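Computed from a predicted model, the values in this text were never measured in an experiment.
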Amino acid sequence: ASSGGTNVFYDVHPANLIIVRTNPGPNEYSSLAAAIAAAASPSTSNRYVIHIYPGTYSSPSFTVPSWVFVRGEDRDTCILTQTGSGSFVEMSADSGLCEIKIRNASSATPAILIDDQPGEVIIRNLTMEGCSAGILVSVSISATASTTVTLENSVIRSALTYALAVGNDVGSSFGADITINGLEINGHADNGLIFDGALTTASIQDSKLLGDGTGVGVLVTTSAFLDFASSVVSGWTTGISVPVGGSPRLYTTGNVFQT
């Protein structure tokens, strides 16, 4: 039957697809760095997906450019390990990362750095293991716009200093806005999640923050704003810490706190 309307079909395939695998075929690559270098002039009208097939890939630090989305076949079998020092992965505005496991990044710097990026960064279905510092979202006084981050369905295990830290510098005109859904933190961290800065806003839902009996699950400081709902906080010396000073704002709904 027809109501007189017109069916419209959309092509949902990426404009450009680059393949990475351990045994590459023609026009494929054996390293993520080479694949990123092959992404010619990415833009809003010329986007790239870099698809990584199962394997363990050792790589120096790299930057995911704007309008490039790095996608693994499966996060349990697509493993990135760092060679060298510095932040392992730097995310640009309007970039993304999903279905990847990051293992044993440098202990001195965050495994993933999102620094003064005037747009949105999407991270989904990520696993991190053996990384002393997890994800750092930073906005400085030099920023030209706010940074927006979406973190979904990800697992960060034993990030010794922090799993996620989000903040903006004093005097910055812009901040960071992060939405977290389905995050699991597992094992030791001095601080599981840190939210710092008057222009930092965060929303957490359906997450599990599972410590090892020490540390702080969530630290909210210096006028940051956190909306925290429908989550479990268990196994920390302090579940949520809101230090005296500044005017941090915290809303909690439907959470479960356990010792």
Side-chain angles (χ1 to χ4, degrees), residues 12-14 17-24 28-36 39 47-65 68-83 87-92 94-107 109-114 120-137 149-160 162-166 178-189 192-193 204-210 231-232:
V12 296
H13 294 85
L17 178 63
I18 298 176
I19 300 297
V20 176
R21 65 174 96 224
T22 54
N23 295 302
E28 297 179 346
Y29 299 88
S30 61
S31 73
L32 185 54
I36 289 173
R47 305 183 188 208
Y48 284 82
V49 169
I50 297 176
H51 185 89
I52 303 176
Y53 279 86
T56 298
Y57 301 85
S58 296
S59 174
S61 300
F62 65 90
T63 297
V64 181
V68 173
F69 199 95
V70 176
R71 177 185 70 196
E73 181 90 357
D74 174 74
R75 68 176 172 182
D76 291 327
T77 57
C78 295
I79 301 168
L80 301 181
T81 64
Q82 184 178 11
T83 59
S87 296
F88 186 20
V89 184
E90 292 195 28
M91 302 296 295
S92 304
D94 304 307
S95 67
L97 186 69
C98 78
E99 292 292 352
I100 294 291
K101 179 182 288 184
I102 294 176
R103 179 182 289 167
N104 299 334
S106 170
S107 62
T109 51
I112 297 178
L113 176 63
I114 305 169
E120 183 175 13
V121 175
I122 298 173
I123 300 174
R124 292 192 177 114
N125 299 344
L126 173 78
T127 297
M128 300 180 70
E129 296 177 342
C131 302
S132 179
I135 302 170
L136 174 62
V137 183
V149 178
T150 299
L151 177 61
E152 295 181 330
N153 302 325
S154 295
V155 179
I156 303 176
R157 298 190 179 104
S158 298
L160 301 181
Y162 60 81
L164 169 72
V166 184
I178 183 163
T179 301
I180 300 168
N181 196 347
L183 173 65
E184 180 179 323
I185 296 173
N186 212 313
H188 178 77
L193 305 176
I204 305 174
Q205 289 190 353
D206 300 322
S207 295
K208 296 179 181 179
L209 312 184
L210 310 176
S231 297
V232 175

Steps toward side-chain contact (heavy atoms from CB on, under 4.5 Å) verdict (I112, L126): CA-CA 11 Å; I112 297 178; L126 173 78; 3.7 Å; yes
Within this structure, what is the [atom1]-[atom2] distance for the pair [X] and [Y], rounded to the nearest 0.5 Å?
X: C98; Y: N125; atom1: SG; atom2: CG; result: 6.5 Å
X: I102; Y: C78; atom1: CD1; atom2: SG; result: 12.0 Å
X: L151; Y: L193; atom1: CG; atom2: CG; result: 9.0 Å
X: L210; Y: R157; atom1: CG; atom2: CZ; result: 11.0 Å
X: T127; Y: N153; atom1: OG1; atom2: CG; result: 10.5 Å
X: F88; Y: T109; atom1: CZ; atom2: OG1; result: 10.5 Å

Closest approach of [X] and [Y], non-hydrogen atoms and distance?
X: S95; Y: P65; value: CB-O, 3.3 Å
X: R75; Y: I100; value: CB-N, 3.6 Å
X: Y162; Y: P110; value: OH-CB, 3.6 Å
X: F62; Y: I36; value: CD1-CD1, 3.6 Å
X: N104; Y: C131; value: N-SG, 3.9 Å

Check salt bridge (Lys or Arg N to Asp or Glu O under 4.0 Å) between R124 and all other residues, then give those that pass, not counting sequence neighbours. E152
Can you give me every donor-acceptor pair (side chain of residues 180-187, partner residue at least two apart or in another chain, under 3.5 Å) with its distance?
unit_1: E184; atom_1: OE2; unit_2: N186; atom_2: ND2; d: 2.8

Going by the salt bridge (charged side-chain N to carboxylate O under 4.0 Å, His left out) test, which pairs reach into residues 94-106, not counting sequence neighbours? K101-E129, R103-E129
With [X] via side chain to side chain donor-acceptor pair (under 3.5 Å) - residues at least two apart:
X: S61; result: Q82
X: T81; result: S58
X: S30; result: none

If you define the side chain from C-beta out and look only at heavy atoms, does anything of [X] sit under 4.5 Å from [Y]?
X: R71; Y: L17; result: yes
X: P54; Y: D74; result: no
X: I135; Y: M128; result: yes
X: L164; Y: I178; result: yes

Can you check whether A111's main-chain N or O pairs, donor with acceptor, with S87's side chain at less than 3.5 Å? no
Can any side-chain N or O of S92 pair as donor or acceptor with the backbone N or O of V64 at less than 3.5 Å? yes
Do Y29 and I50 pass the side-chain contact (heavy atoms from CB on, under 4.5 Å) test, and can you show the C-alpha distance, the side-chain angles, and the key distance before you say yes or no? CA-CA 10 Å; Y29 299 88; I50 297 176; over 6 Å; no
T22 and Y57: CA distance, side-chain angles, deciding distance, side-chain contact (heavy atoms from CB on, under 4.5 Å) verdict: CA-CA 8 Å; T22 54; Y57 301 85; 3.8 Å; yes
